[in-house]
Asker: 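Below is a structure I'd like to ask you about.
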Amino acid sequence: MQAVTDRFYHWYKQIDIESKKREEFCKLSEESQVIKQRKQKAQELEKLGINLFPNDIKPPERAGAIKKVYEKYDAEALEKVEDTFRVAGRIMALRRFGKAAFFSLKDSSGSIQIHVMRDRIGKDAYKIFKKFDIGDIVEAEGRLFRTKTNELTIEADRVRLVTKSMRPLPEKYHGIKDKELRYRRRYEDLIMNDDVAETFRTRARIIQMLRHYFTSNGFLEVETPMMQSIVGGATARPFVTHHNALGIDLFMRIAPELYLKRLLVGGFDRVFELNRNFRNEGISLQHNPEFTMLEFYEAYATYEDLMVRTEELFAQIALDIKGDTKFQYQDHEIEMAPPWKRMTLKESLVEVGGVPEEELDDKDALNKRLEGMGVEMGKDLVLGKYLAKLFDLLVEPKLIQPTFITHYPTDISPLARRNAQDPSVTDRFELFITGREIANAFSELNDPRDQKERFEEQVAKRGDDDEIPPEVDYDYVRALEIGMPPAAGEGIGVDRLVMLFTDSPSIRDVILFPQLRPEGGKRSAS
RNA sequence: GGGCCGUUAACUCAGUCGGUAGAGUAUCUGCCUUUUAAGCAGAGAGUCGCUGGUUCGAGUCCAGCACGGCCCA
């Protein structure tokens, strides 16, 4: 117990030192003149009896909703509208004259211009208004009118400070461009870049559609452990953590698969889970250490049924988000209307990858080919590993239009059912769009004897590069022994799906707070 | 893990051959009651990522490190 205490003592001490460093780092910008001036202005407002952070604002009307109704009214028609409108939002641009000003007020629905005149709101109120800054959140109320340039505008009868901004917003025209700053300070990115906010609204819509599709098709949404004592369901290096009271190490899950299939055994014959997985691997344009995965399992279905389901689901999303099954992604025009192309893994290697057919069952030839491409795989791996590697390099990037690749080798598909005609391959597919893997699915292996053998063989043949703790999940085998109905299951990479439908080139553009090194230095608990 | 590029004011960016640090936005002061990247006049604002080296002198050249981006494995 003492050892644990010591460990945390040192850890906390280190955190203290580093957070002090970070505070110093931040203080530098605290010293900046603009921030000092803002803080002073805030104090001046307080001296005038203004609450900088009031909490008695009634829910305002939304700028977007007002515009939607009154955008079609001309100046004359607006004069007949006697209603006043009360809005609240952030001052985004401010054009002051001597005794009047225009500013644009932005809320989550859009923005609307406000006109403030001294002679209308009163001398004292105008004096206070003069201390408002770009970035402040304010409330304004008044009637609608059209300016000389025909912009729908609220003529303010009163304006009120809602939240004082102590720090200037980024430059008004260029916004915040530096990608590092945009990811670190997503709040500023969201304020300044409307398209970023739109991307995350689209993300939310896609997730809602996924959830709706599965629940309305009789699937039960479940939550299974994210902290697992045996890591399984995929091949990836896990994050390790420790539970003090139990005194055991736990792994953050790399996939929920084995738990979801236990639920098939338990009698939930259509289940899905839409949640985070964690993989302790590299970060790239399509990899974040934590990412969102949708996995669903359907009893009495086969992988072929799931291809149809996937086509239907994705086409529906395309219609809803893009209004068409055909849409642009970066430099490509994608056509999502079913049916999609289907090829076996080997066919794709020959037809797309240009690998001679006679090499396909020859490990040495494949390894030689890989070496020729500068890839050191090592000898004596299972055949499937060479095929998969060649596929990754030669075929995957070329699969721009939606394509199902089927018949993956059994030796790299330890949880998939063998193909009835050819037991060396499985009833499995992966879906590729824009050169990226989007989904992985198979008819599930439910023969406990075969599963146990494959687990044990996987452990025995574990290569040094595998990074999976060599452990057979015997409880999962026991569950299969109770009996799992024939089923098929699929995992869909939600972040990549969102990238596709929001035309985003990087996974970091669709994750609100992507993983970065902490500002001001590394920290390690070890 | 490797290669290339970047890091200068709160933000977006210039900075020539190594010779006292620049612009726009934002901020402050003054003028201005229909602007919308408002305008005009003026002002203030910098640990040039960090550490070392070369040099009479380094934002600039060299080395190492940090953080980030892109490409490759």
Asker: Work out how far the P atom of B:A21 is from that of B:G46, and round it to whole angstrom.
Answerer: 13 Å
Asker: Could you tell me which nucleotide pairs with B:U54 by Watson-Crick or G-U wobble geometry, both distances under 3.5 Å, or answer none if nothing does?
Answerer: none
Asker: For A:E371 and B:A73, give me the distance from atom CD to atom P, rounded to whole Å.
Answerer: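 Whole-Å distance recorded here is 16 Å.
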Asker: Please give the distance between the C1' atoms of B:U29 and B:G44 as a whole number of Å.
Answerer: 10 Å
Asker: How far does the C1' atom of B:G39 sit from the matching atom of B:G24, given to the nearest Å?
Answerer: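 Looking at atom C1' only, B:G39 and B:G24 are 15 Å apart.
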Asker: Rounded to the nearest angstrom, tell me the gap between atom CD in A:Q33 and atom P in B:U29.
Answerer: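 A:Q33 atom CD is separated from B:U29 atom P by 11 Å.
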Asker: Can you tell which of B:U34, B:G68, B:U25 lies closest to the side chain of A:K148?
Answerer: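 So the nucleotide nearest the side chain must be B:U34.
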Asker: Got a salt bridge between A:R158 and A:E139, using NZ or NE/NH1/NH2 to carboxylate O under 4.0 Å?
Answerer: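 Counted as a salt bridge, because a side-chain N and a carboxylate O are separated by less than 4.0 Å.
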Asker: Give a yes or no on this: more than 12 heavy atoms of other residues, nucleotides or ligands lie within 6.0 Å of atom CD of A:E357.
Answerer: no
Asker: Suppose we define a pair by two distances each less than 3.5 Å, Watson-Crick or G-U wobble; what does B:U29 pair with here?
Answerer: B:A41
Asker: If you assign each of A:G175 and A:F103 to its closest nucleotide in RNA chain B, which residue comes earlier from the 5' end?
Answerer: A:G175
Asker: When you measure from the side chain of A:L181, which nucleotide among B:C11, B:C71, B:A26 comes out closest?
Answerer: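 Selected nucleotide (nearest to the side chain): B:C11.
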Asker: Looking across every strand, which nucleic acid part, if any, lies under 4.0 Å from A:R96 by heavy atom: base, sugar-phosphate, or nothing?
Answerer: base
Asker: Would you indicate which nucleotide in B:C28, B:U35, B:G68 comes nearest to any side-chain atom of A:D133?
Answerer: B:C28
Asker: Compare the minimum distances between each of B:A26, B:A37, B:U34 and the side chain of A:P168, then state the nucleotide with the smallest one.
Answerer: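 Closest nucleotide among those given: B:A26.
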Asker: Could you tell me the separation between the CD1 atom of A:I35 and the C1' atom of B:G46, rounded to a whole number of Å?
Answerer: 14 Å
Asker: Distance under 6.0 Å and angle within 45° of the ring axis: does A:R160 meet both against A:F129?
Answerer: no
Asker: I want to check a possible cation-pi pair here: A:R428 against A:Y408, using under 6.0 Å from ring centre and within 45° of the ring axis as the test.
Answerer: yes
Asker: Rounded to whole angstrom, note down the P distance from B:U35 over to B:U47.
Answerer: 40 Å
Asker: Could you tell me whether A:D133 and A:K41 make a salt bridge, using a distance below 4.0 angstrom between a side-chain N and a carboxylate O?
Answerer: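 Salt bridge flag = yes for A:K41 with A:D133.
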Asker: Check the orientation of A:F102 and A:F97. Use parallel for under 30°, tilted for 30 to 60°, and perpendicular for over 60°.
Answerer: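 Answer is perpendicular, since the angle exceeds 60°.
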Asker: Between A:H115 and A:D178, which is nearer to the 5' end of RNA chain B once each is assigned its nearest nucleotide?
Answerer: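 Result of the comparison: A:D178.
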Asker: Give A:K177 one of three labels, base, sugar-phosphate or nothing, depending on what nucleic acid heavy atoms sit under 4.0 Å from its own.
Answerer: sugar-phosphate
Asker: Taking all heavy atoms of A:V87 and all of A:E61, pick out the closest pair and write down the distance.
Answerer: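 So the two residues come closest at CG1-O, 3.6 Å.
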Asker: A:R517 side chain: which of B:U35, B:A45, B:C67 is closest?
Answerer: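 Closest nucleotide among those given: B:C67.
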Asker: Whole Å only: how far is the CG atom of A:N288 from the C1' atom of B:G68?
Answerer: 15 Å
Asker: Are there more than 12 heavy atoms of other residues, nucleotides or ligands under 6.0 Å from atom CG of A:D124?
Answerer: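 Atom CG in A:D124 is not crowded, with 12 or fewer foreign heavy atoms closer than 6.0 Å.
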Asker: Could you tell me whether A:K41 contacts a base, only the sugar-phosphate backbone, or nothing, with contacts defined as non-hydrogen atoms closer than 4.0 Å?
Answerer: sugar-phosphate
Asker: With the stacking rule set at 5.5 Å and 30°, tell me whether A:F102 counts as stacking on B:U35.
Answerer: yes
Asker: Using a 4.0 Å heavy-atom cut-off, does A:G282 contact any base of the nucleic acid, only the sugar-phosphate backbone, or nothing at all?
Answerer: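 Contact class for A:G282: none.
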Asker: For the pair made of CD in A:Q515 and P in B:G68, what is the distance, rounded to whole Å?
Answerer: 10 Å
Asker: Can you confirm whether more than 12 heavy atoms, excluding those of A:N55, are under 6.0 Å from its CG atom?
Answerer: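 It does not: A:N55 CG has 12 such atoms or fewer within range.
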Asker: In residues 61-87 of chain A, which residues come under 4.0 Å of RNA chain B by heavy atom?
Answerer: none
Asker: What is the base-pairing partner of B:C4, counting Watson-Crick and G-U wobble geometry with both distances under 3.5 Å?
Answerer: B:G69
Asker: How would you label the contact of A:L169 with the nucleic acid (heavy atoms, under 4.0 Å): base, sugar-phosphate, or nothing?
Answerer: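 The residue A:L169 makes no contact with any strand.
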Asker: Within residues 191-200 of chain A, which residues have any heavy atom lying less than 4.0 Å from an atom of RNA chain B?
Answerer: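 The stretch gives none, as no residue of it lies under 4.0 Å from the strand.
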Asker: Please give, in whole Å, the distance from B:U25 C1' to A:I176 CD1?
Answerer: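 Rounded to the whole Å, the gap is 14 Å.
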Asker: Sticking with atom P, work out how far B:C62 lies from B:C4, rounded to a whole angstrom.
Answerer: 13 Å
Asker: For A:F404 and A:F429, take the angle between the two ring planes, folded into 0 to 90°, and tell me which bin it lands in: parallel under 30, tilted 30 to 60, perpendicular over 60.
Answerer: perpendicular
Asker: For A:K36 and B:A9, give me the distance from atom NZ to atom C1', rounded to whole Å.
Answerer: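 So the two atoms are 14 Å apart, to the nearest Å.
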Asker: Work out how far the C1' atom of B:G30 is from that of B:C67, and round it to whole angstrom.
Answerer: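 Looking at atom C1' only, B:G30 and B:C67 are 43 Å apart.
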Asker: Rounded to whole angstrom, note down the C1' distance from B:U8 over to B:C40.
Answerer: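 Result for the C1' pair: 30 Å, nearest Å.
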Asker: For the side chain of A:F145, counting heavy atoms from C-beta on, which of B:C67, B:C28, B:U34 is nearest?
Answerer: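 Out of B:C67, B:C28, B:U34, the nucleotide with an atom closest to A:F145's side chain is B:U34.
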Asker: Between B:G57 and B:G18, how far apart are the two P atoms, rounded to whole Å?
Answerer: 16 Å
Asker: Please determine whether a side-chain nitrogen of the Lys or Arg among A:K131 and A:E44 lies less than 4.0 Å from a carboxylate oxygen of the Asp or Glu.
Answerer: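 A salt bridge is present here (some side-chain N lies under 4.0 Å from a carboxylate O).
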Asker: Nearest of B:A10, B:G68, B:A73 to any side-chain atom of A:V375?
Answerer: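 Minimum distance to the A:V375 side chain belongs to B:A73.
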Asker: Could a donor-acceptor pair under 3.5 angstrom be found where the side chain of A:Q113 meets the base of B:U35?
Answerer: yes
Asker: To the nearest Å, give me how far apart CD (A:E180) and C1' (B:U7) are.
Answerer: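 In whole Å, B:U7 C1' lies 9 Å from A:E180 CD.
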Asker: Under a 4.0 Å threshold between the charged nitrogen and the carboxylate oxygen, would A:K106 count as salt-bridged to A:D194?
Answerer: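 Yes, this pair counts.
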Asker: Under a 3.5 Å cut-off for both contacts, is B:G24 paired Watson-Crick or G-U wobble with anything, and if yes, with which nucleotide?
Answerer: B:C11
Asker: I want to verify a distance call: between B:G68, B:C11, B:U34, whose nearest atom is closest to the A:R185 side chain?
Answerer: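 In terms of side-chain proximity for A:R185, the closest of B:G68, B:C11, B:U34 is B:C11.
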Asker: May I ask you to say whether A:D189 pairs ionically with A:R186, meaning some side-chain N is under 4.0 Å from a carboxylate O?
Answerer: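 Answer for the salt bridge query: yes.
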Asker: Just to be sure I understand the rule, does A:E188 reach a base, reach only the sugar-phosphate, or reach nothing, if contact means heavy atoms closer than 4.0 Å?
Answerer: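 No contact.
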